[in-house]
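Down below is the structure, laid out as structure tokens.
Just so it is clear, the model here is predicted, and its values are computed rather than measured.
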Amino acid sequence: MGVGAGDEAVLLERGTQLAALHGAWDAVRSGSGGVVVLLAGEAGSGKTALLRRFQAECRPPGIVLWGACAPLFTPRPLGPFADLADHVDALGPLLAGGPKPHQVAAAIAEHARSASRRDAVLVLEDLHWADEATLLLLRHLAKGLHAGPVLMIGTYRHADLAVSR
């Protein structure tokens with residue numbers, strides 16, 4: 001990340017990725033269904049800064065839900081989705097009961113499709129640390145995204161995939 005005029009930071013060498021994220025957002029907003037974007041990069045390469053910039057530039061703004069996997073020896077089951085429980089009402093009680101992946105996917109999809117909500121962006125960071133249940137749920141969500149107005153963005157590090165699997 002570089003420094004620009006005034007207080008605004010400028011993302012260096014990320015224009016192509018930022019444009020791709022805006023293109024995916026435009027596709028979701030146009031009603032063509034959900035879109036999955038996977039963003040790879042090394043630690044400190046600016047993945048989160050890129051996503052924060054994208055969030056700030058989204059027009060019209062959507063609901064942005066953030067969840068992350070933690071670097072634990074034993075990954076927290078469904079960790080990034082537990083992070084969303086404060087924002088997706090149905091998730092808290094559901095996660096407490098040991099849900100099946102399709103139940104969590106349905107709760108997130110319903111939240112995104114709710115008539116009172118705008119199009120949604122679901123950011124799941126550090127997927128290289130994900131547990132098996134999270135990966136299964138991601139597959140399930142990705143298969144069903146065509147039905148809802150959701151842009152799902154996952155971040156991961158190539159180098160850490162072999163270590164965590």
Would you sort out whether L127 and T155 count as a side-chain contact (heavy atoms from CB on, under 4.5 Å), showing the intermediate values?
CA-CA 6 Å; L127 293 175; T155 71; 5.9 Å; no
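- Rounded to the nearest 0.5 angstrom, L151 CG and C58 SG are separated by 7.5 Å.
- Between V121 and Q55, every side-chain heavy-atom pair lies at or beyond the 4.5 Å cut-off.
- Judged by a 6.0 Å distance limit and a 45° cone about the ring axis, R52 is positioned over the six-membered ring of W66.
- The CD atom of Q17 sits 10.5 Å away from atom CG of L51, with the distance rounded to the nearest 0.5 Å.
- Contact between P75 and D131 at its shortest, heavy atoms only, is CB-CB, 3.6 Å.
- Between L137 and A105, the closest heavy-atom pair is CD1-N, 3.7 Å.
- Using a 4.5 Å heavy-atom cutoff, the side chains of V35 and V150 are not in contact.
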Could you walk me through whether W129 and L72 satisfy the side-chain contact (heavy atoms from CB on, under 4.5 Å) test, starting with their C-alpha distance in whole Å, then the side-chain angles of each, then the deciding distance to 0.1 Å, before giving a yes or no?
CA-CA 8 Å; W129 290 322; L72 304 173; over 6 Å; no
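- Residues L94 and P99 share a closest heavy-atom pair of O-CD, 3.2 Å.
- Proximity of a side-chain donor or acceptor of Q103 to a complementary backbone N or O of K100 within less than 3.5 Å is detected.
- The CD atom of E125 sits 3.5 Å away from the OG1 atom of T48 when rounded to the nearest 0.5 Å.
- When side chains are defined from C-beta on, W25 does not count as touching V37, because their heavy atoms never get closer than 4.5 Å.
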side-chain contact (heavy atoms from CB on, under 4.5 Å) between E57 and L18: does it pass, once the steps are laid out?
CA-CA 10 Å; E57 291 181 0; L18 190 57; 3.5 Å; yes
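- Ion pairing of D126 with K47 is absent here, as no side-chain N (NZ or NE/NH1/NH2) approaches a carboxylate O to less than 4.0 Å.
- Note that CG of L50 is 5.5 Å distant from CG of L21, once rounded to the nearest 0.5 Å.
- The shortest non-hydrogen separation linking A85 to L95 is CB-CD1, 4.5 Å.
- The structure places CG of L65 at 11.0 Å from CG of D83, a figure rounded to the nearest 0.5 Å.
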